[in-house]
There are 2 protein chains.
Amino acid sequence: MKKAMNCFPSQSTEERIKEAARQVFLEKGFDGATSRDIAEAAGINIALTNYYFRSKEKLFVTIFEEITEFFFTGMSAILNKPISLREKIAELIEHDFRMLRENPRLINFILNEVHRNPERMGKMIGLQKVLHHSMLDEQVQREVRQGTIRPISSMHLMTMMVSNIHFLFVSKPMTTQIWNMTEDEFTKFADAHKNLVIDMVTNYLFESEKA
Amino acid sequence: MKKAMNCFPSQSTEERIKEAARQVFLEKGFDGATSRDIAEAAGINIALTNYYFRSKEKLFVTIFEEITEFFFTGMSAILNKPISLREKIAELIEHDFRMLRENPRLINFILNEVHRNPERMGKMIGLQKVLHHSMLDEQVQREVRQGTIRPISSMHLMTMMVSNIHFLFVSKPMTTQIWNMTEDEFTKFADAHKNLVIDMVTNYLFESEKA
DNA sequence: CAAGATTTTAAATGTTTGTTTAAAAAAACT
DNA sequence: AGTTTTTTTAAACAAACATTTAAAATCTTG
């Protein structure tokens, strides 16, 4: 009935399983990952994955929800920051870029698993509310009314920002393969492209008020 | 030793298997698709998939190479068309948009399978040559030299165009789910966004020669 | 039509999969 | 200490998997 003490070990078994599952699921997806892959990566017996989590599916859902929450939380924090639209665009792009540079498989993982089981995303209503009622909406509408930016909806603006950054990492395996890029070369290219995107989006948006 | 006549049936068994495999692999990916899925979709016995193609893997490679060739052929044709840069940008975007509107899973499929096995793309050297020596390169360099467009490499330009269109479809499952969109609403949104992208890219690129 | 080649089928192959079991080991408690 | 609870293990489980087999059905051809 009581929880184990487990005073000193650097990680509890449960946490080690979760960390291994995160790594393996991110790399191979739900279909490509096996329970044995995860157990091996965690250095534990196969039966333990089902002892702590009841099934591969349940373990996956746990991981998936943690990852998507991590993914969206940083974004929505920036969307609701009390800063100018110009700053917000740059900050959001820089944030997503940093996040995906550190976790290149993140976006692919989420997109694939949402496709495999769309209801999963539908159930995370917490995230939906956050995204639907962000400060960005009002901000864009106000600036459009004032004529300081082109007429555009916040949805199109979000899509513009996100597409240009996220696709860099979604397509990273193909890009590096086709252009024979090393990891370093890709990093440099991606960084340069990120700056280009900030420049392009802001220039396009604020064109009417140019110098 | 001889090939079957098979005069009238609308499709040969081999072609029916390939068509079913195309559909199932596109929808579920290699890991998610089973031989039985494909056989059932084709309406044939399971053993026939291994009779005509030697294994699931071999069948997959056949499908994969056909699909990637289809994917890149149209693109490279436009890249080498003798038209102005402005026209080329619009045509490429329109082409990719049409292609992915008809086959929304195409881009996801290719990107995932390249990640799962990067060597596959490395072996398709035919496509690599085509992409590396396109007319777009010289065209961009010339216009940059003449100062008619911003200084930019063709690689960044390609990435800009492709990201904005392809990501629309890569993220379609998540977009429709988060914003509770119907198929029609998504189509309309995507179409509007495509036009926005053409406007943004050309405006940004040709900004120096504005009206 | 009959012999031979090709195609299709039902059944079985051996693996790998996720999951369970029952006993052993470790930890916690009185 | 000894007893109970929790954690870990090796082994086994049935189901699903890709693939093979061998016989049946179909088609081709002389």
Side-chain angles (χ1 to χ4, degrees), chain A residues 1-64 109 112-113 116-117 120, chain B residues 1-64 109 112-113 116-117 120:
Chain A
M1 289 292 185
K2 299 269 183 63
K3 254 304 180 52
M5 280 298 246
N6 216 331
C7 288
F8 264 135
S10 54
Q11 279 180 312
S12 72
T13 302
E14 188 173 337
E15 196 51 49
R16 274 172 60 198
I17 294 174
K18 277 172 68 176
E19 198 164 305
R22 240 187 313 270
Q23 174 201 305
V24 175
F25 278 139
L26 270 171
E27 175 61 24
K28 306 197 182 189
F30 182 84
D31 289 332
T34 70
S35 298
R36 283 166 180 82
D37 284 338
I38 296 172
E40 193 178 357
I44 50 106
N45 190 285
I46 321 161
L48 285 183
T49 61
N50 281 26
Y51 174 76
Y52 283 97
F53 308 86
R54 294 160 42 95
S55 67
K56 179 190 177 189
E57 174 75 17
K58 294 248 171 60
L59 172 55
F60 175 81
V61 170
T62 304
I63 299 301
F64 178 79
F109 171 75
N112 277 324
E113 300 303 340
R116 209 174 52 84
N117 190 344
R120 246 197 265 296
Chain B
M1 289 292 186
K2 299 270 181 63
K3 259 295 181 57
M5 278 301 244
N6 216 329
C7 289
F8 265 134
S10 54
Q11 279 179 311
S12 72
T13 302
E14 189 173 336
E15 195 53 47
R16 275 172 59 197
I17 294 175
K18 277 172 66 175
E19 197 165 306
R22 237 186 317 267
Q23 173 201 307
V24 175
F25 278 139
L26 270 171
E27 175 61 23
K28 306 197 181 187
F30 181 83
D31 289 331
T34 70
S35 298
R36 281 165 184 80
D37 285 337
I38 296 172
E40 193 178 357
I44 49 104
N45 191 285
I46 321 162
L48 286 183
T49 62
N50 280 28
Y51 175 76
Y52 283 99
F53 309 87
R54 294 160 42 93
S55 67
K56 180 190 175 187
E57 174 75 18
K58 294 246 171 59
L59 171 56
F60 175 81
V61 170
T62 304
I63 299 300
F64 178 79
F109 170 76
N112 277 322
E113 299 304 340
R116 208 173 54 82
N117 190 344
R120 247 197 264 297

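Order of the sequence lines sets the chain letters (A, B, ...), proteins ahead of strands, with each chain counted from 1.
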- [ ] In whole angstrom, give the distance that lies between atom OH of A:Tyr51 and atom C1' of D:dT9.
- [x] 12 Å
Open item on the list: Could you check whether any side-chain N or O of A:Lys56 sits under 3.5 Å from a backbone N or O of A:Ala33, counting only pairs where one atom can act as donor and the other as acceptor?
Closed with: yes
Task: N/O (side chain, B:Tyr52) to phosphate O (OP1/OP2, C:dT8) under 4.0 Å - done: yes
Task: Value in whole Å for how far the C1' atom of C:dT8 lies from CD of B:Glu14 - done: 15 Å
Task: Spacing of A:Lys56 atom NZ relative to C:dT19 atom P, expressed in whole Å - done: 8 Å
- [ ] Calculate, to the nearest 0.5 Å, the distance between atoms OG1 and CG belonging to A:Thr13 and A:Asn45 respectively.
- [x] 11.0 Å
Open item on the list: Using heavy-atom distances to pick each residue's nearest nucleotide on DNA chain C, tell me which of A:Asp37 and A:Ala47 is more 5'.
Closed with: A:Asp37
Task: Quiz item: B:Arg36 side-chain donor-acceptor pair to D:dA16 base, under 3.5 Å - done: no
- [ ] Could you tell me whether B:Ala39 contacts a base, only the sugar-phosphate backbone, or nothing, with contacts defined as non-hydrogen atoms closer than 4.0 Å?
- [x] nothing
Task: Rounded distance (Å) that lies between atom P of D:dT7 and atom CZ of A:Phe53 - done: 13 Å
Task: Between C:dA26 (C1') and A:Leu48 (CG): distance, integer Å - done: 13 Å
Task: B:Thr13 side-chain N/O to C:dT8 phosphate OP1/OP2 under 4.0 Å - done: yes
TODO: Calculate the interatomic distance between A:Ile44 atom CD1 and D:dA10 atom P; express it in whole Å.
DONE: 12 Å
- [ ] Take the protein atom CD1 of A:Ile17 and the nucleotide atom P of D:dT9, then report the distance between them rounded to whole Å.
- [x] 10 Å
Task: Whole-Å distance separating the CD1 atom of B:Ile46 from the P atom of C:dT9 - done: 11 Å
- [ ] For residues A:Lys28 and A:Asp37, determine if any side-chain heavy atom of one lies less than 4.5 Å from a side-chain heavy atom of the other.
- [x] yes
Open item on the list: Parallel, tilted or perpendicular: which one describes the rings of B:Phe25 and B:Phe30, with boundaries at 30° and 60°?
Closed with: parallel
Task: Side-chain N or O of A:Asn45 closer than 4.0 Å to phosphate OP1/OP2 of D:dA10 - done: yes
Task: Cation over ring face, B:Arg116 and B:Phe64, 6.0 Å, 45° - done: no
Open item on the list: Need one value for B:Ser55: base, sugar-phosphate or nothing, where a base atom within 4.0 Å counts as base even if backbone is also close, heavy atoms only.
Closed with: sugar-phosphate
- [ ] Kindly say if A:Ser35 contacts the phosphate of C:dG18, meaning a side-chain N or O under 4.0 Å from OP1 or OP2.
- [x] yes
